[in-house]
Amino acid sequence: MDTAPLLTTRAALLAIALAVVSAIVIADPADAVPLPIGQATLRSPQVPVSGSALQTFLNLTGENIVVGQDQFIGELLSSSVSYNSTYTIQFELARDTTGAVVGLYNGHDATPTLMPVFPANATTGWFAVATFRSLPTRGIVNVFDGNATPVGTSTYLGADKSAIGFYVSGPRGTFYSQDSRNPDGAAQSLFYRGTGLYAGTAWIAFEEQPLAGSDHDFNDHVLFVETIPGSLVPTLHSSWGQLKQRFR
C-alpha cells in the first residue's frame with residue numbers, strides 16, 4: 001500500500017485543525033524537541049502478540065514493523081526541555097474496535113487524574129491536538145472527528161508535559177501506558193517507533209481487558225502520535241512501580 005495518500009490526508013487534516021486551534025492557542029516556535037530516538041530501548045522480553053490483526057493493520061499503513069520483535073519501552077511521552085516552552089502533540093485514533101474512552105494522565109502522579117480525550121462514541125479517524133503550556137501549567141486539548149470538524153475543547157489544569165501517559169477505560173476496566181499501574185503489572189499497551197515516512201512518530205497499541213484473560217491481540221485501540229512541529233519518540237521514565245519504591 002502506498003503511504004503517500006495516507007500521509008497527505010493526515011497533513012491536510014492537521015493543517016485544518018491547526019487553523020482552528022490557532023484561534024484558541026498559539027503554538028510556540030520554540031516547541032520542544034523530543035529526546036533522541038536512540039534512547040528508546042527494546043522490551044526484553046517482548047510481549048507475545050496473538051493473531052495477525054495488529055500486524056496486518058500496520059502493514060497496511062506501510063510501516064516496516066514486526067509486532068512481536070519491535071516493541072520498545074516507552075510508557076510515557078515527554079518534552080525534552082524544562083523552560084516555559086509550549087509543547088504540542090497530535091494523536092489520532094487510528095483504530096478503534098471497542099468504544100472505550102481514551103485519554104491522558106500525568107505519569108508521575110501517585111493517583112493520576114484521568115483527562116478524557118476521545119469519548120466512547122469516537123470512531124477511527126478522530127484526532128486531537130494537545131498543547132501543554134505553563135503559567136499556569138495546563139493542557140489544552142482540541143478534539144476533531146475524521147473530517148477535521150471540531151468536536152470540543154477541554155483545558156486540564158496541572159497537565160504535565162514531562163510525563164504524558166495514555167489510558168483506555170471501558171467496561172473491562174481502566175488500563176495505562178505504564179505497566180505497573182495495570183493489574184498484575186501487565187503490559188496493556190505496546191509502543192512502536194514509526195519507520196520510513198513515519199520516522200519520528202510512534203504507535204501505541206492497547207489491549208482493553210486484563211491481559212491474563214485477554215486475547216493478546218493488542219488491536220483494540222491503536223494511537224498514532226506525533227509532535228507539532230518535529231518528531232516524537234516515547235521516552236523511558238521511571239515506572240510507577242519504581243516511583244513507589246522511592247517513598248517506601
Enquirer: Is the F224 ring parallel, tilted or perpendicular to the Y198 ring (thresholds 30°, 60°)?
Expert: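 The arrangement is perpendicular - the two ring planes meet at more than 60°.
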Enquirer: Quick one: closest heavy-atom pair of P171 and E208, and the distance?
Expert: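 Closest approach of P171 to E208, heavy atoms only: CD-OE2, 4.1 Å.
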Enquirer: Within the structure provided, determine whether S189 and Y167 are in side-chain contact (heavy-atom separation under 4.5 Å).
Expert: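 Heavy-atom side-chain distance check fails, nothing below 4.5 Å.
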Enquirer: Is the shortest heavy-atom distance from the side chain of L223 to the side chain of L93 under 4.5 Å?
Expert: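 They are in side-chain contact.
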Enquirer: Kindly write out the residues that satisfy salt bridge (charged side-chain N to carboxylate O under 4.0 Å, His left out) with R172, not counting sequence neighbours, or none if the list is empty.
Expert: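 Checked R172 against salt bridge (charged side-chain N to carboxylate O under 4.0 Å, His left out); zero matches.
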Enquirer: When you compare the side chain of L54 with that of D217, does any pair of heavy atoms fall below 4.5 Å?
Expert: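 No, every pair of side-chain atoms sits at 4.5 Å or beyond.
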Enquirer: Using a cut-off of 6.0 Å, state whether more than 12 heavy atoms not belonging to D215 lie near its atom CG.
Expert: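 Atom CG in D215 is crowded, with more than 12 foreign heavy atoms closer than 6.0 Å.
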Enquirer: Is there a ring-ring contact (aromatic ring centres under 6.0 Å, His included) between F91 and F118 once you walk through the steps?
Expert: CA-CA 10 Å; F91 51 105; F118 299 125; 5.7 Å; yes
Enquirer: To the closest 0.5 Å, what do you measure between CG (L77) and OG1 (T227)?
Expert: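 Spacing of CG (L77) from OG1 (T227) equals 10.0 Å.
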Enquirer: Mind checking the NE2-CZ spacing from H221 to F175? Nearest 0.5 Å is all I need.
Expert: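 So the gap between those two atoms works out to 10.5 Å.
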Enquirer: What's the spacing between L76 CG and N106 CG if we round to 0.5 Å?
Expert: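 It comes to 9.5 Å.
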Enquirer: With a 4.5 Å heavy-atom cut-off, do Y156 and T113 have their side chains touching?
Expert: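 Not touching, per the 4.5 Å side-chain cut-off.
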Enquirer: Kindly compute the distance separating OG1 (T41) from CD (Q71), expressed to the nearest 0.5 Å.
Expert: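 Taking OG1 in T41 and CD in Q71, the distance rounds to 13.5 Å.
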Enquirer: Checking R95 against T124: is there a side-chain donor and acceptor pair closer than 3.5 Å?
Expert: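 No, R95 and T124 have no side-chain donor paired with an acceptor closer than 3.5 Å.
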Enquirer: Mind telling me whether F127 and F144 have parallel, tilted or perpendicular rings, with 30° and 60° as the class edges?
Expert: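 Parallel, since the angle between the ring planes stays under 30°.
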Enquirer: Quick one: closest heavy-atom pair of Q188 and L211, and the distance?
Expert: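 Looks like OE1-N, 2.9 Å.
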Enquirer: Is it the case that S162 and D160 place a side-chain donor and acceptor less than 3.5 Å from each other?
Expert: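 On atom types as modelled, these side chains qualify, holding a pair under 3.5 Å.
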Enquirer: Who pairs with Q209 by side chain to side chain donor-acceptor pair (under 3.5 Å), at least two apart in sequence or on another chain?
Expert: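 With sequence neighbours excluded, Q209 shows a side chain to side chain donor-acceptor pair (under 3.5 Å) to no residue whatsoever.
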Enquirer: My understanding is that only residues two or more places apart in sequence, or in another chain, count here; which of them pass ring pair (Phe, Tyr, Trp, His ring centres under 6.0 Å) with F206?
Expert: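 Here no residue qualifies.
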Enquirer: One pair to check against side-chain contact (heavy atoms from CB on, under 4.5 Å): E63 and Y192. What are the steps and the verdict?
Expert: CA-CA 10 Å; E63 280 287 14; Y192 299 96; over 6 Å; no
Enquirer: Between atom CG of L190 and atom CD1 of I73, what is the distance when rounded to the nearest 0.5 Å?
Expert: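 Rounded to the nearest 0.5 Å, the CG-CD1 separation comes out at 12.0 Å.
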Enquirer: Rounded to the nearest 0.5 Å, what separation is found between the OH atom of Y105 and the CE atom of M115?
Expert: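 Rounded to the nearest 0.5 Å, the OH-CE separation comes out at 10.0 Å.
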